[in-house]
Amino acid sequence: MIDTNLLKSDPKKIAKQLISRNYQLDIQQYESLEKKRKKHQTETEELQARRNLLSKEYGALKKEGTEDKTLNKKIEILKKDLDNCSKKLADIQSSLKDFLLDIPNIPADSTPIGKSEEDNIKIRDFGKPNISGGKDHLDITSLINIDVGNILAGSRFAVLIGKIAKLHRALICFMLDKAAEHGYEEYYLPMIANTQSLTSTGQLPKFSEDLFQLTDDYYLIPTAEVPLTNIYRDQIIQLSDLPFKMTAHTTCFRSEAGSYGKDTRGLIRQHQFEKVELVQICHPNKSFDALETLTSHAESILQELNLPYQVVELCSSDLGFSSAKTYDLEAWIPSQETFREISSCSNCTDFQARRAKIRFKEDGISHFVHTLNGSALAAGRTLIALIENYFDQKNTISIPNVLQDYTKFKTIEV
RNA sequence: GGAGAGAUGGCAGAGCGGUUGAAUGCACUGGUCUUGAAAACCAGCAAGGGGGCAACUCCUUCCAGGGUUCGAAUCCCUGUCUCUCCGCCA
């Protein structure tokens, strides 16, 4: 949620900033709702104050054993007015809340303005991509079986077998250990979240169609960012305890509504995938530095795996709903002869903190923290990158040294 | 699934339907004392929102949502969660 004080003081500026990410802010609607809210709130509160006063009077009289007919009549009328007024207020407040929950985060000043992903900016790269192409992961090994996934569940599900399943698991363990080295505390989490958690991080109410919903208040999580960030929901944190650095491996579930026909082949876009997530909760004036280090933590994994990648800074229109600034890490996928997103590291500033009411106190005043998250990394896509980049184009996938302690084998013969 | 108990401020823990936004203790902050610290003593200390240039003032909140009442932390109903016992069980 964006800061309503900003919205009140300079709505045109906010509107302009939001235009850069393709969001049309309806200032008129906001101001009209806000005006009504103020009117009804003042009115309701005045009536409440009067009620409290009259009730005291009534009580005092009752103690004496006397009764005042005109007072009773006054109270009766007041109750009706109050009832009316507070109902209207509740309606307006709920509309106002819906309006505010719909507005995306404001892009950071440093986020480049752009109209599409074409305007994203490459910041740096690592390694030499093999531009001569190559077989794709499904052609390389039959230990990834899409057909069985289809039988068991449906499209966009896969089954990993034998050494590939082990390699996949090794990757996750390696990533968690790297996160620990960088000072992140490991969590094991529920992979189901409720409406409130998903609203806090920004998936709801706007993007419900992207989620798998189980029942009324149960959804499968699309990322560990949701439970990790919500750990501190509704809390006032001791300043001295900040920052929090947390990591978790979870399965992630995405309905991929709206991406029909996109990335239909192979493991690249599945309904279910594994991911190790990094989350930081920090002081507002440290969050942009924290984004740089968090991104470097994610990068270190690609570096140790010696996978060619590039770091791309997303432009305003390509930002996720909750993010003010995002770096995508894109790994080289030989068969596609292109870089594909393998991690997305975002500074959500106070946007999620405001929704989740995560605060800290400084000099007696409470402020919202800043929250950051990033994948380190998406395991399924890392697996693809590994298989394709480490395939000798004949019959052997070699295992990077850093993973051999985990896999206990050095090659996969296919 | 059955039976019972509970949910109050950062934490622990009181609380008769009306001077209770809430006793008390701990923690925390400031001060006195001390070479410094500790102890002791004194003072302060919930959150969110409205109005006002301001001093200030008003409203809401004691798990959530309804209800009873002139008035609810306190009474009633529903839901959620926690704990104890029984049953079942990875």
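Every value quoted in this text rests on a predicted model; they were computed, and no experiment measured them. We name chains A, B, ... by the order of the sequence lines, and we start the count at 1 in each one.
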Student: Please report, rounded to the nearest Å, how far the C1' atom of rC81(B) is from the CG atom of Asp234(A).
Tutor: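 Result: 14 Å.
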Student: What is the distance from atom CG of Leu189(A) to atom CE of Met246(A), rounded to the nearest 0.5 Å?
Tutor: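 Leu189(A) atom CG to Met246(A) atom CE measures 9.0 Å (nearest 0.5 Å).
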Student: When the P atoms of rA46(B) and rU29(B) are considered, how many whole Å apart are they?
Tutor: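 Between the two P atoms, the distance is 16 Å.
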Student: Between rG50(B) atom C1' and Gln93(A) atom CD, what is the distance in whole Å?
Tutor: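 The distance from CD of Gln93(A) to C1' of rG50(B) comes to 10 Å, rounded to the nearest Å.
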Student: Atom CG of Leu53(A) and atom C1' of rU57(B): how far apart are they, to the nearest Å?
Tutor: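 Interatomic distance, CG of Leu53(A) to C1' of rU57(B): 14 Å.
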Student: Given atom CD of Glu45(A) and atom P of rU61(B), what is their separation to the nearest angstrom?
Tutor: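 Value for this atom pair: 11 Å.
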Student: Calculate, to the nearest 0.5 Å, the distance between atoms OG and CG belonging to Ser343(A) and Asp328(A) respectively.
Tutor: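 Answer rounded to 0.5 Å: 7.5 Å.
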Student: Compare side-chain N and O positions of Arg51(A) against OP1 and OP2 of rC58(B) and report whether any pair is under 4.0 Å apart.
Tutor: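 Answer no for this pair, as no side-chain N or O of Arg51(A) is under 4.0 Å from OP1 or OP2.
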Student: Determine the interatomic distance between P on rA73(B) and the same-named atom on rU82(B); round to the nearest Å.
Tutor: 26 Å
Student: Write down the distance separating the C1' atoms in rC26(B) and rG9(B), rounded off to the nearest Å.
Tutor: 13 Å
Student: Rounded to the nearest Å, what distance is computed from the CE atom of residue Met1(A) to the P atom of nucleotide rG49(B)?
Tutor: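 Distance check: Met1(A) CE to rG49(B) P gives 10 Å.
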Student: Would you mind pulling out the nucleotide paired to rC16(B), Watson-Crick or G-U wobble, both distances under 3.5 Å?
Tutor: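 Its partner is none (no Watson-Crick or G-U wobble pair with both distances under 3.5 Å).
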Student: Say whether, by atom type as modelled, one donor and one acceptor occur between the side chain of Thr229(A) and the main chain of Val226(A) under 3.5 angstrom.
Tutor: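 The answer is no, because no donor-acceptor pair under 3.5 Å joins these two groups.
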Student: Run the side chain to side chain donor-acceptor pair (under 3.5 Å) check on Tyr184(A) and His297(A) step by step: do they pass?
Tutor: CA-CA 10 Å; Tyr184(A) 293 80; His297(A) 294 151; 2.8 Å; yes
Student: Determine which nucleotide pairs with rG44(B), using a 3.5 Å limit on both distances of a Watson-Crick or G-U wobble pair.
Tutor: rC28(B)
Student: For rU35(B), which nucleotide is its Watson-Crick or G-U wobble mate, given both distances must be under 3.5 Å?
Tutor: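 Paired with no nucleotide.
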Student: Using whole Å, what does the distance between atom C1' of nucleotide rG49(B) and atom CD of Gln41(A) come to?
Tutor: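 Between C1' of rG49(B) and CD of Gln41(A): 6 Å.
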Student: Taking atom C1' in both rA64(B) and rA12(B), compute the distance separating them and give it to the nearest angstrom.
Tutor: 24 Å
Student: Looking only at side chains, do Ser323(A) and Asn105(A) share a donor and an acceptor under 3.5 Å apart?
Tutor: no
Student: With the side chain counted from C-beta on, respond yes when Phe360(A) and Pro284(A) share a heavy-atom pair under 4.5 Å apart, and no when they do not.
Tutor: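 In short, these two side chains touch, coming nearer than 4.5 Å.
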Student: Which nucleotide, in any strand shown, forms a Watson-Crick or G-U wobble pair with rG21(B), with both distances under 3.5 Å?
Tutor: none
Student: Could you tell me how far apart Ile237(A) (CD1) and rA27(B) (C1') are, to the nearest whole angstrom?
Tutor: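 In whole Å, rA27(B) C1' and Ile237(A) CD1 are 18 Å from each other.
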Student: Taking only the C1' atom of each, what is the distance from rC81(B) to rG25(B) in whole angstrom?
Tutor: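 About 27 Å, rounded to a whole number of Å.
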Student: Between rA27(B) and rU84(B), how many Å separate the two C1' atoms, rounded to a whole number?
Tutor: 30 Å
Student: Can you check the distance between rU19(B) and rU60(B), where both ends of the measurement are the P atom (answer in whole Å)?
Tutor: 13 Å
Student: Under a 3.5 Å cut-off for both contacts, is rA64(B) paired Watson-Crick or G-U wobble with anything, and if yes, with which nucleotide?
Tutor: rU78(B)
Student: Remember a base hit wins even if backbone is also touched, and classify Lys8(A) as base, sugar-phosphate or nothing at under 4.0 Å, heavy atoms.
Tutor: sugar-phosphate
Student: Could you tell me whether the side chains of Tyr219(A) and Gln203(A) share a donor-acceptor contact shorter than 3.5 Å?
Tutor: no
Student: Mapping Tyr218(A) and Gln238(A) to their closest nucleotides on RNA chain B, which lands nearer the 5' end?
Tutor: Gln238(A)
Student: Strictly by modelled atom types, are Ser197(A) and Arg233(A) linked by a side-chain donor-acceptor pair under 3.5 Å?
Tutor: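 Yes, a side-chain donor-acceptor pair sits under 3.5 Å.
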Student: Suppose we define a pair by two distances each less than 3.5 Å, Watson-Crick or G-U wobble; what does rC83(B) pair with here?
Tutor: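 With both distances under 3.5 Å, rC83(B) matches rG4(B).
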Student: For the pair Ser200(A) (side chain) and Gln196(A) (backbone), establish whether a donor and an acceptor sit closer than 3.5 Å, ignoring hydrogens and angles.
Tutor: yes
Student: From the set rG18(B), rG50(B), rG48(B), return the single nucleotide nearest to any side-chain atom of Lys62(A).
Tutor: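 Shortest atom-to-atom distance from the side chain points to rG18(B).
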Student: Tell me which residues in residues 73-80 of chain A lie within less than 4.0 Å of RNA chain B, going by non-hydrogen atoms.
Tutor: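 Contacts with RNA chain B under 4.0 Å: Ile75(A), Lys79(A).
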Student: Could you tell me whether the phosphate oxygens of rC59(B), OP1 or OP2, come under 4.0 Å of any side-chain nitrogen or oxygen in Arg50(A)?
Tutor: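 The answer is no; no side-chain N or O of Arg50(A) sits under 4.0 Å from OP1 or OP2.
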Student: Which residues within residues 30-39 of chain A lie with some heavy atom under 4.0 Å of an atom in RNA chain B?
Tutor: Arg37(A), Lys38(A)
Student: Paired with rA54(B): which nucleotide, if any, by Watson-Crick or G-U wobble criteria at under 3.5 Å for both distances?
Tutor: none
Student: Take atom NZ of Lys87(A) and atom C1' of rG66(B), then tell me their distance rounded to the nearest Å.
Tutor: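 In whole Å, rG66(B) C1' and Lys87(A) NZ are 12 Å from each other.
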Student: For the residue pair Phe321(A) and Phe207(A), categorise the inter-ring angle as parallel (less than 30°), tilted (30 to 60°) or perpendicular (more than 60°).
Tutor: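 Ring orientation of Phe321(A) relative to Phe207(A): perpendicular.
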Student: Does Ser366(A) make a side-chain N or O approach to OP1 or OP2 of rG48(B) shorter than 4.0 Å?
Tutor: yes
Student: Check for me whether Lys163(A) meets the cation-pi criterion with Phe409(A), that is, NZ or CZ under 6.0 Å from the six-membered ring centre and within 45 degrees of the ring axis.
Tutor: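 Yes, a cation-pi geometry holds between Lys163(A) and Phe409(A).
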Student: Find the partner of rA90(B): check Watson-Crick (N1-N3 plus N6-O4 or O6-N4) and G-U wobble (N1-O2, O6-N3) distances, both under 3.5 Å, and reply none if neither fits.
Tutor: none
Student: Report the residue (Gln48(A) or Phe368(A)) whose heavy-atom-nearest nucleotide on RNA chain B is the more 5′ of the two.
Tutor: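 Closer to the 5' end of RNA chain B: Phe368(A).
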Student: Which whole number of Å gives the distance between the C1' atom of rA23(B) and that of rU8(B)?
Tutor: 12 Å
Student: May I ask you to evaluate whether Asn52(A) reaches the phosphate of rG71(B), defined as a side-chain N or O under 4.0 Å from OP1 or OP2?
Tutor: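 For rG71(B), OP1/OP2 do not have a side-chain N/O of Asn52(A) under 4.0 Å.
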Student: With a 3.5 Å cut-off and no angle check, do the side chains of Thr411(A) and Glu413(A) form a donor-acceptor pair?
Tutor: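 Glu413(A) and Thr411(A) do have a side-chain donor-acceptor pair below 3.5 Å.
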